[in-house]
2 protein chains.
Amino acid sequence: MSRVVVPSGGALTRSMILDRIRVAGRISRVELAEASGLTQTAISNIVRQTITDGLVIETGFGESTGGKRRTLLEINVSARHALGVSLDQERMIYVACDLSGQMVGRISAAGTGLEQPGAVVPRMATELRALLDLTEIDPSSVVGLGVASPGPLNSPAGVLLGRQPNPAWRDFPLREELAKATGLPVMLDSDASCAALGEFWTTRNGATSPVNATVYMADGIGCGIIVDGRVFHGASSNAGELGHLSLDVDGPPCACGARGCVELYAAPRAVVAAALADRELATALDLRGDPVRTRSDFARIVRSATHGDDASLRLVTEAARRLGQGIVTLGNVLDLDEISLSGPGFADGGALFAQVIQQQLDQLPFTRDVHSVAVRISHIGTEAAALGAAARMLQQEVTPHTRVGRRLTSAAR
Amino acid sequence: MSRVVVPSGGALTRSMILDRIRVAGRISRVELAEASGLTQTAISNIVRQTITDGLVIETGFGESTGGKRRTLLEINVSARHALGVSLDQERMIYVACDLSGQMVGRISAAGTGLEQPGAVVPRMATELRALLDLTEIDPSSVVGLGVASPGPLNSPAGVLLGRQPNPAWRDFPLREELAKATGLPVMLDSDASCAALGEFWTTRNGATSPVNATVYMADGIGCGIIVDGRVFHGASSNAGELGHLSLDVDGPPCACGARGCVELYAAPRAVVAAALADRELATALDLRGDPVRTRSDFARIVRSATHGDDASLRLVTEAARRLGQGIVTLGNVLDLDEISLSGPGFADGGALFAQVIQQQLDQLPFTRDVHSVAVRISHIGTEAAALGAAARMLQQEVTPHTRVGRRLTSAAR
DNA sequence: TTACTTCGTGAAGTTTCTTGGGTAAGTTGC
DNA sequence: GCAACTTACCCAAGAAACTTCACGAAGTAA
């Protein structure tokens, strides 16, 4: 029997208020009452409780509007912390963040490479302890660990389903083992979904749009979709497979089995391959062509392009154009009005990609007729996935709109 | 200030219970308690209230399981009714349905043609009154009118934005004027979204999947997306523009401004045009080539294909293949596990389309790796949009998960 | 008939909000 | 400088929607 969690009662209200304070940064009780529709009395009681719990603190007063000044409230950002890690073959990134989503610590370590998951899990636990020691966070304030992984996965089960980071990881009970090794609640989700949530969570003043898509480029290309502040997962937590959206059904075959996938044209590996085919360019940029060095080779090409090199610029523009084609489709299907570019793939040449993609979207007839679509570059960059994974745990803690509460079944099988 | 309605309190619980009874068909209090997580006492009280209001009736008893038999509950289907209309240039379809989503009356009338909206609205009011007289529904039980329209629109504002049914309708305050003319609450949404909701609402035993997409083919091709029982609208209530998803960026130009759109290959107009180019076939099927007769010409071709005519079959298969390409993309982006085909375009040859599309989906690598995607043909066919539009009003009445309740702001502007 | 199970509901308590009535802390006008 | 007004915040009592506990009604099994 499938169950839908319908929140109700105090936990929901409390977390809504907390979320509102977090998003606003500083806010008064009166504003909370206006925004929430609750009475000032109710807000007063709820806020008192959160202050007692140490989640909220009073920080000064607002301007008087003809009477008593409003007491301003803020989230006590150090009341809770979360850890996040982006699982990656090349390089792992561990972050710790506070309740505001602000990164308070970061370390990076060797990627999974071809190691077995059974060997990597204890290493991760050690590295996470090192991060905690480094940041001097009170361990009791840590609410959990979020894990961002590339490739298809089963988020509820906490299991990877694809060939990432390497085939040995498939069906390994990752979440369970990590929870055992760290003693923390662990949640697993795709890097793109995590990055999307990271963008959303750390953007002050809340959602600018009810629907938000974040294109995440690392080795592959994925897309995280946020609807009403929550990750849209689809039927099996694998929505937003932008990288394997087919641009040309008669195009070159992809490892995924389809043809003409976005990744074949726009992923770092594809751009590097195209650059290597240009002997002169490959020599000029000192490209290695070593598969594990793809990311740094790609960075060289992008930097060369931003510095005005024609050959590099052509390659990057072409990749951006192809990616843009996929994004146009995505925007059409989901009726998006904002798209974020995030992840290590956009770290150096994000502006270049954004410009090309924005041009394509502006040419879109729908865009002209109904509303525009804006392309923005991530403000949290390379750490987006890890930070988003951590934010996912914080969201559970502070905004448990989908966790706490009464359960009502929406469908029987 | 944008506000998100967060339901809470009794209205939500009540409507959840009502929805559960509706979906189950017949259900006992004990089962409701188990499914909802509420106590039997609470269910008892809520059910008593709904019985008093005439929304629920007791209908016999279940088998004893060793003690007192369970009293079975059903929705009193005639307690509420809703009207729905699918706006169309060629032919308008009006339906009335009861609380179970069962159609209890249907009339069709001349389409909007090139008439001005100011002239059509009073005619619609007259035709709706005729439908009410015909069905002998108690007018006080009618909760509202749902309007399904092709093309881009602004659902909250109740205004059409595109060139459908004809350019004069653009920006006409349709919802407002219809509400005035009929004295009913009116809601406007895309035909595809309505059809999707119709499929969902009238399918007993509730959702088989949390995400459900319905491809709707009339003159154009659209797609309605249902997430957790509610229509997914995107940023501007125009999500699911499958018809203008580009299959080939270098393809033929489309009236929408883009190139290689699905509609150019798969819409009835495209199939008829291809058939007209084949002189022999056009003569054999007695095709007119008259734009306003496109739908019947298309039907002839599809029927000829299902009867085994090679030339027709090739044309229809090609259209289905192209549509399938778009659906594959859609399925990838949204991570769907079920797709419904609905609308007049699939009335005759739905099975043929379904077969070709299913084949394509089965070849999809993702489908093999993670989960299968099933294609099913609508069981409510040509009336899907109108019926879904009506269901939209019923959903508001019986399942006001998004309407009644406390308001909490999720974002400030 | 007796013992047991199961369904449905009444009575009383809990939680979460509301309404109504203060009190403290400001500003404004004379 | 003081009265009059505004505004913010909070206490007390009450309403609504649940809960737990208890019990009678309706059924089965030996």
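Residue numbers begin at 1 in each chain, while the letters A, B, ... track the order of the sequences. The structure presented is a predicted model; accordingly, all values stated were derived computationally and were not measured.
Remark: C1' of D:dA8 and CG of A:Leu72 are 12 Å apart, rounded to the nearest angstrom. Rounded to a whole Å, the CG atom of B:Leu32 is 12 Å from the P atom of C:dC7. Remark: P of C:dT18 and CD1 of A:Ile43 are 8 Å apart, rounded to the nearest angstrom. What separates CD1 of A:Ile46 from C1' of C:dT16 is a distance of 8 Å, to the nearest Å. As a whole-Å value, the separation of B:Gln40 CD from D:dA25 P is 18 Å. Summarising the geometry, the separation between CD on A:Glu31 and P on D:dA8 is reported as 9 Å, rounded to the nearest angstrom. If you measure from atom CZ of B:Arg69 to atom P of C:dC7, you get 13 Å, rounded to the nearest angstrom. At whole-Å resolution of the value, CD in A:Gln49 and C1' in C:dC17 are 13 Å apart.
In this structure, A:Glu31 does not pair ionically with A:Arg26, as no charged nitrogen and carboxylate oxygen lie closer than 4.0 Å.
Taking side-chain N and O atoms only, A:Arg48 has a distance below 4.0 Å to OP1 or OP2 of D:dC11. Close to C:dT18, at under 4.0 Å from its OP1 or OP2, lies a side-chain N or O of A:Thr39. Side-chain nitrogen and oxygen atoms of A:Arg29 include at least one within less than 4.0 Å of the OP1 or OP2 phosphate oxygen of D:dC9.
Side-chain atoms of B:Ile21 and B:Leu32, non-hydrogen and from C-beta on, do get closer than 4.5 Å to each other. Using a 4.5 Å heavy-atom threshold, the side chains of B:Arg29 and B:Thr71 count as touching. The shortest side-chain heavy-atom distance between B:Val147 and B:Arg175 does not fall under the 4.5 Å cut-off.
If you check the side chains of B:His379 and B:Thr202, you find a donor sitting under 3.5 Å from an acceptor.
Residue contacts shown for B:Thr71 are limited to sugar-phosphate atoms, with no base heavy atom under 4.0 Å away.
Here the nucleotide nearest the side chain of B:Thr13, chosen from C:dC17, D:dC18, C:dA11, is D:dC18. In the set C:dT18, C:dG8, C:dC7, C:dC7 carries the atom at the smallest distance from any side-chain atom of B:Arg70.
Looking at which nucleotide of DNA chain C each of A:Asn45 and A:Lys68 is closest to, the 5′-most match is held by A:Asn45.
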CA sep, side-chain torsions, deciding dist, call: A:Thr59, A:Glu74, side-chain hydrogen bond (donor to acceptor under 3.5 Å, both in side chains): CA-CA 7 Å; A:Thr59 58; A:Glu74 272 181 48; 3.0 Å; yes
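Residues of residues 52-66 of chain B having a heavy atom closer than 4.0 Å to DNA chain C, listed by number: B:Thr65, B:Gly66.
Separating the CG atom in B:Asp53 from the CG atom in B:Asn76 is a distance of 11.0 Å, to the nearest 0.5 Å.
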